[in-house]
Every structure is written in C-alpha cells, then in structure tokens.
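Scroll down for the structure; my scribbles are underneath it.
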Amino acid sequence: DLSAIRWNQPGEPAQLAKVISGNDARARRVIQAVREYVADHAAMRAIAFCVDIAHADFMAACFDAAGLPARAITSATPREERERAPRELADDTLKVLCTVDLYHEGVDIPEANTLLFLRPTQSPVVFQQQLGRGLRLAEGKESCLVLDFVGRLQNDFRFDVLYRAITGLNRQQLIEAVENGFTTLPPGCHIQFDRVAREQVLDGLRQISRQTWRRLTAELRYYASTRRGAPLTLADFVRDQCLDLDDLYGSKPGWTALCRAAG
C-alpha cells in the first residue's frame, strides 16, 4: 500500500523505504513473480532496482535464500566489488544484482535479460534509464523481461507520464491500450498487466484525465521548483508534464491564472 506516499515531495525516498524496505510479504511476491514469469531460471541475469541500501541488502538476502545467488551493489560497496559484480552476472556466477542509483546510466551490462522495478518512480527519465539497462543486444539473448511491481497508489500517480515515455501514446490512447491491449507496439514488444494492476493503472489514468484546478496548481508549483532558474513556459509545462491544452483551457481559466494560483 503506497497510497500515503507524497510523490515528488521532500522525504519521498524515506517514505518509500519505510513501506518497502524489510517488507517480507512484498519480497515473497517479487520472488513468486520471478518464478512465475521467468521462463528459464538457469539463463536469468537480473538487475533489481531498489529503494535504498537497506532495501538492496534485504532483497539480495531474500533472493539468496530462494536459491537465486544475488549481491547488493550500492554506493557503500567497495569499488573493486562494484566493478566485479557485472562480470559475475554475465558469467552466471550471480543471478541478481540489487542496486540503488548506480545502474541508471553509464554502466553497460548487455547480458542483463531481466529487470525488476522494485522502487516505484514518477520520473520518466529514471523509468527509461532503468529500462535501457536491459535493451542492449548480447549473444544468446533473445528478449528482455521487465517486471514492474504496481502497488496501491494515490489517484494522482502519473502512470500516463511513465507509459507515454515508452509508447508515445497520449492519455486517452493509453486508457484504450490498457483496456484493449497495446496493439500499436513494435513487433516483439508486449505490455501485460495482472488483473489488479490493470484496474489500478486504469483508475489512475482516468483520474488524471479529470485534472482538477488544485491538482494542476500543485503540479505547476512542483514543476517550477525543478526548473533551477530556467524560464517557466506553457509549452515546456504541457510537454514535460504530458498534459493537453484542454487540461488548462477546456473548462478552466488558463495558463496565466494557473501561474498566479501556484504563486
């Protein structure tokens, strides 16, 4: 249950860690999903993206106990071990690398064929960087399986931002795709939701489609805080936040009024 998490607010990582780190039931569900969805456990080479160092250590221990050799690779890991771990994953000494903020970009592990998103994120950049860790070609690698663990989230969680980043679909198209299947993806690509996750994602997409003035004001206030002095423009806000102009002008006062309301 992640419904109390205040996304994109100070303290978000600590809130996530409190709910997720050391959560035995969730860890069991993760391992169950690996056993259910990974077709060939002998060939699995997985990267698990975790909340914090404690969570990475905890999940590595859980995978080990389940017979899947794992190691936590974090900023606290000695450099030599950090450099050795990807080679151990590639040569099948390890099955899972549990990491925090190290493998988003700049590290190349072509052999990785399974990704576990154990840390929910609202950032499409982080989402794409994590996804990219599994998309390199390697000899004998036929596909990459990505398991994203969707919890019970607030209604304003931006599923549209994340899924638009990898599909190019707008919110209405995403709603139709989740309802009817992602029929416009490139050949060989497939997105599938478990029943409960599908309902959660659909609810979130429909809620965001009914943007309230209060929600838009909060969203602009947060967005402005990330600009670091860069000019704040309507075009940038609509594009970066995956909004439609109707969100601001359909039945609402518009951009200038929104800026004034956001302070």
Side-chain angles (χ1 to χ4, degrees), residues 1-3 5 7 26 28-41 43-49 104 112-138 140-211 215 219 238-247 250:
D1 184 357
L2 304 175
S3 58
I5 304 298
W7 302 99
R26 188 173 191 267
R28 288 194 298 272
R29 181 67 188 96
V30 169
I31 292 168
Q32 178 186 347
V34 169
R35 288 174 172 158
E36 180 178 351
Y37 288 105
V38 176
D40 185 356
H41 296 96
M44 184 183 79
R45 293 172 174 84
I47 300 176
F49 296 98
H104 286 173
N113 57 20
T114 305
L115 303 177
L116 308 176
F117 289 4
L118 307 186
R119 184 230 186 279
T121 180
Q122 284 271 250
S123 168
V125 174
V126 171
F127 195 72
Q128 286 178 302
Q129 287 174 344
Q130 292 180 348
L131 184 64
R133 296 312 91 202
L135 300 185
R136 283 293 308 277
L137 300 178
K141 177 179 173 180
E142 297 181 352
S143 63
C144 180
L145 174 69
V146 183
L147 298 180
D148 188 9
F149 293 85
V150 177
R152 186 180 298 115
L153 300 158
Q154 291 175 331
N155 287 333
D156 58 355
F157 188 86
R158 296 301 303 272
F159 288 110
D160 59 323
V161 172
L162 299 183
Y163 294 128
R164 176 180 286 191
I166 61 174
T167 66
L169 302 176
N170 62 35
R171 279 200 304 275
Q172 184 55 43
Q173 291 170 328
L174 282 170
I175 290 173
E176 294 171 359
V178 175
E179 287 178 330
N180 304 314
F182 287 78
T183 59
T184 61
L185 296 178
C189 298
H190 182 61
I191 296 177
Q192 173 184 322
F193 293 100
D194 287 348
R195 180 183 59 82
V196 175
R198 177 178 176 273
E199 293 171 358
Q200 175 72 39
V201 171
L202 272 176
D203 285 346
L205 289 171
R206 288 168 177 153
Q207 288 289 339
I208 291 297
S209 291
R210 297 188 289 272
Q211 286 278 359
R215 182 177 293 159
E219 193 161 334
V238 169
R239 183 193 66 241
D240 294 345
Q241 298 303 103
C242 295
L243 298 170
D244 297 321
L245 285 176
D246 283 349
D247 291 328

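Positions are given from 1, in the same order as the sequence printed here. On a predicted model such as this, the values are computed, not experimentally measured, just so you know.
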>> Quick check: closest heavy atoms across T121 and L162, and the distance to 0.1 Å?
In response: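 So the two residues come closest at O-CD1, 3.2 Å.
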For [Y], does its backbone N or O pair with a side-chain atom of [X] as donor and acceptor, under 3.5 Å?
{"X": "R26", "Y": "L118", "value": "yes"}
{"X": "R198", "Y": "F193", "value": "no"}
{"X": "R133", "Y": "Q129", "value": "yes"}
{"X": "Q128", "Y": "A165", "value": "yes"}
{"X": "H190", "Y": "F182", "value": "no"}
{"X": "N113", "Y": "M44", "value": "no"}

> To the nearest 0.5 Å, what is the distance between CD1 (I166) and CG (L131)?
Replying inline: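 So the gap between those two atoms works out to 6.0 Å.
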>> What's the separation between atom CG in L135 and atom NZ in K141, rounded to the nearest 0.5 Å?
In response: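 Taking CG in L135 and NZ in K141, the distance rounds to 7.0 Å.
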> Could you go step by step and tell me if I191 and L185 meet the side-chain contact (heavy atoms from CB on, under 4.5 Å) rule?
Replying inline: CA-CA 9 Å; I191 296 177; L185 296 178; 3.8 Å; yes
> Which residue pairs pass the salt bridge (charged side-chain N to carboxylate O under 4.0 Å, His left out) test when at least one of the two sits in residues 173-194, sequence neighbours left out?
Replying inline: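 Of all non-adjacent pairs touching residues 173-194, those that pass salt bridge (charged side-chain N to carboxylate O under 4.0 Å, His left out) are R29-D194, E179-R206.
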> Restricting to pairs with a member in residues 113-127, which pass salt bridge (charged side-chain N to carboxylate O under 4.0 Å, His left out), not counting sequence neighbours?
Replying inline: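 Listed by first then second residue: E12-R119.
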Just so I know, are the side chains of [X] and [Y] near enough to count as touching, which here means a heavy-atom distance under 4.5 Å?
{"X": "Y37", "Y": "T114", "answer": "no"}
{"X": "L169", "Y": "Y163", "answer": "no"}
{"X": "L116", "Y": "I47", "answer": "no"}

>> I'd like to check the ring pair (Phe, Tyr, Trp, His ring centres under 6.0 Å) partners of F149; sequence neighbours left out, ordered by chain and number.
In response: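 So F149 forms no ring pair (Phe, Tyr, Trp, His ring centres under 6.0 Å) with any residue.
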>> Please determine whether side-chain contact (heavy atoms from CB on, under 4.5 Å) holds for the pair L202 and I175, giving the CA-CA distance in whole Å, both sets of side-chain angles, and the decisive distance to 0.1 Å.
In response: CA-CA 6 Å; L202 272 176; I175 290 173; 4.1 Å; yes
> Given L147 and F117, is the side-chain contact (heavy atoms from CB on, under 4.5 Å) satisfied, shown in steps?
Replying inline: CA-CA 6 Å; L147 298 180; F117 289 4; over 6 Å; no
>> Under the criterion side-chain contact (heavy atoms from CB on, under 4.5 Å), I'd like the reasoning laid out for F127 against D148: C-alpha separation, chi angles, the key distance, then a yes or no.
In response: CA-CA 10 Å; F127 195 72; D148 188 9; 3.7 Å; yes
